[in-house]
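Worth knowing before you read on, the calculation uses all heavy atoms, side chains too, and leaves out hydrogens, waters and symmetry mates. Order of listing sets the numbers, starting from 1, for every ligand and every atom in it.
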Amino acid sequence: MSVPAAVLPSVPVRILGIDTSCDDTGVGIVELLPDGRVNLLANRVWSQTVHARYGGVMPELASREHVERIDEVMGDALREAGLTVTDIGAVAATSGPGLVGALLVGLMYGKGLAQALNVPFHAAHHLEGHIFAAASEAELRAPFLALVVSGGHTHLFDVPRDGEYVLVGATLDDAAGEAFDKIARLSGLGYPGGPAISEAATRGNPDAVPFKEPLQGQKTFNFSFSGLKTAALLAHRGGAAPEDLAASFQRAAVNVLVKTTTRAAHAHGRRTVVVSGGVAANTALREAFRATDLNVVFPGRGLNTDNGAMIALAGAAAIRAGRPASPLDGGATAYAPLANA
Ligand code: KG4
Ligand code: ZN
C-alpha cells in the first residue's frame with residue numbers, strides 16, 4: 001500500500017472540529033504548526049440533559065438540541081481560542097458512527113462552514129477522534145495499540161502504520177461504559193454512571209461482592225460485560241451496599257480491561273498504548289494502566305468523553321498524513337467500522 005507523503009503547512013493552520021454523534025454538542029479548535037506539532041486552542045461541549053428523565057438518549061431530541069446549540073458552542077470555541085471564523089483553515093466533522101439525525105447536524109454545519117470559508121473539509125470517524133484525543137498529550141505516531149472504551153464502544157485496535165487500523169478485540173455484548181451506567185442505575189447511584197460508580201467506589205469494599213472476571217484465561221482479546229451486569233443485579237437484590245457493589249464491580253471491570261489490553265500489547269509487540277473514550281476518565285483504570293510496563297497515553301482533561309477537539313485532532317492527523325479532503329456530498333453513517341483490515 002502506498003503511503004501518502006506527510007504534508008506540513010507552511011503557516012499554522014487552525015482546524016475546527018465538530019462532534020454531534022450522540023448527546024454532546026462539541027466544537028474544538030487545534031492549530032497544526034509547520035513543524036508538525038499540534039496545539040489545542042479550544043474545547044467547548046454542551047452536554048444535553050434533556051435525556052435524563054428517559055434513562056437513555058432520545059435520538060430525535062438529541063438532533064433538535066444540536067440544531068439549537070451548535071452556533072452558540074462554535075461561538076464559545078472561537079472566543080476561547082481568541083479567533084474569528086475567518087481564521088479557520090480547515091473543518092473536520094464526525095460522519096459516523098453515531099445517531100444519524102444527530103450526526104447530520106454537525107456534518108452539514110461543518111460542510112457549510114468549510115464551503116462558506118472556502119477551506120478543506122474532512123469527514124472524521126468518531127473512534128479515530130477518540131484515539132487522537134490522546135494527541136493532546138503526546139505526539140501520536142504508529143505503531144501503537146489503542147483501547148477505545150466508552151458508553152457505546154469497547155474496541156481494541158492495533159495501529160501498525162499511521163491511518164491503518166486492525167481490530168484485535170471488542171466487546172461481545174455491552175460496552176464497558178454501558179455496564180457502568182446500568183449498574184449505577186440499578187443501585188441508585190445516578191446518571192451518568194461512570195463518575196457516580198467511581199466516586200462511590202472510594203467509599204466501598206472491593207472484596208465485598210465476588211465478581212468473576214469474564215473471558216480471562218482465553219486466547220482472544222475480546223471483552224464481555226453483560227455477565228458483570230447480571231452479577232451486579234443479583235448482588236443488589238441480595239442486599240449489597242451500593243458503595244461495595246461499585247468498588248467490587250469497578251475492580252473487576254478495570255482488571256479485565258487492563259489485563260486483556262496488556263496481553264494484546266505484548267502479543268503485537270507494542271509498547272505504546274492509547275486508552276481513550278469516556279471510561280478512560282476513570283481514576284482506578286488510569287492507576288492500573290500506569291502500573292503496567294506499557295507506555296500508556298490518555299487524552300488530556302475534558303477530552304475523554306465526546307468532544308469536538310478530538311475531531312479537530314483527527315483532522316490535523318489526516319492533513320499531516322496527506323489524506324485528501326472529503327467530498328462535500330458524503331453522508332452520515334450509523335454503523336461505520338474503523339478497521340480497514
Ligand atoms: O465517550 P463517551 O462520552 O460516549 C460514547 O462515545 O459512548 O463516553 C461516555 C461513557 C458513559 O458510559 C460514562 O458513564 C463513561 O463514559 N464514563 C466513565 C467515567 N466518566 C465517564 N466511566 C467510568 N469512570 C468514569 N470516571
Ligand atoms: Zn464517543
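Seen from the Zn ion (ligand 2), atom NE2 on His126 and atom OD1 on Asp306 lie at an angle near 100° (rounded to 10 degrees).
With no hydrogens or angles considered, a side-chain donor-acceptor pair links Gln250 and Asn282 at under 3.5 Å. When only modelled atom types and interatomic distance are considered, Asn304 and Arg286 share a side-chain donor-acceptor pair under 3.5 Å.
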Glu68 vs Arg64, test: salt bridge (Lys or Arg N to Asp or Glu O under 4.0 Å). Steps then yes/no. CA-CA 6 Å; Glu68 280 168 22; Arg64 290 182 199 194; over 6 Å; no
Please assess Glu178 against Thr171 for the test side-chain hydrogen bond (donor to acceptor under 3.5 Å, both in side chains), listing each intermediate value before the final yes or no. CA-CA 11 Å; Glu178 207 178 334; Thr171 182; over 6 Å; no
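Between Phe180 and Phe249, a ring centre-to-centre spacing shorter than 6.0 Å is recorded.
Remark: Asp207 engages Arg251 in a salt bridge, criterion side-chain N to carboxylate O under 4.0 Å.
Near ligand 1, heavy-atom contacts under 4.0 Å come from His126, His130, Ser150, Gly151, Gly152, Gly177, Phe180, Asp181, Gly193, Gly194, Pro195, Gly278, Val279, Ala281, Asn282, Asn304, Thr305, Asp306.
Distances from the Zn ion (ligand 2) show that His130 has an N/O/S atom below 2.8 Å.
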Could you pull out all donor-acceptor pairs under 3.5 Å where a side-chain atom in residues 142-153 meets a protein atom, sequence neighbours excluded?
unit_1, atom_1, unit_2, atom_2, d
Ser150, OG, Gly152, N, 3.3
Ser150, OG, His153, N, 3.2

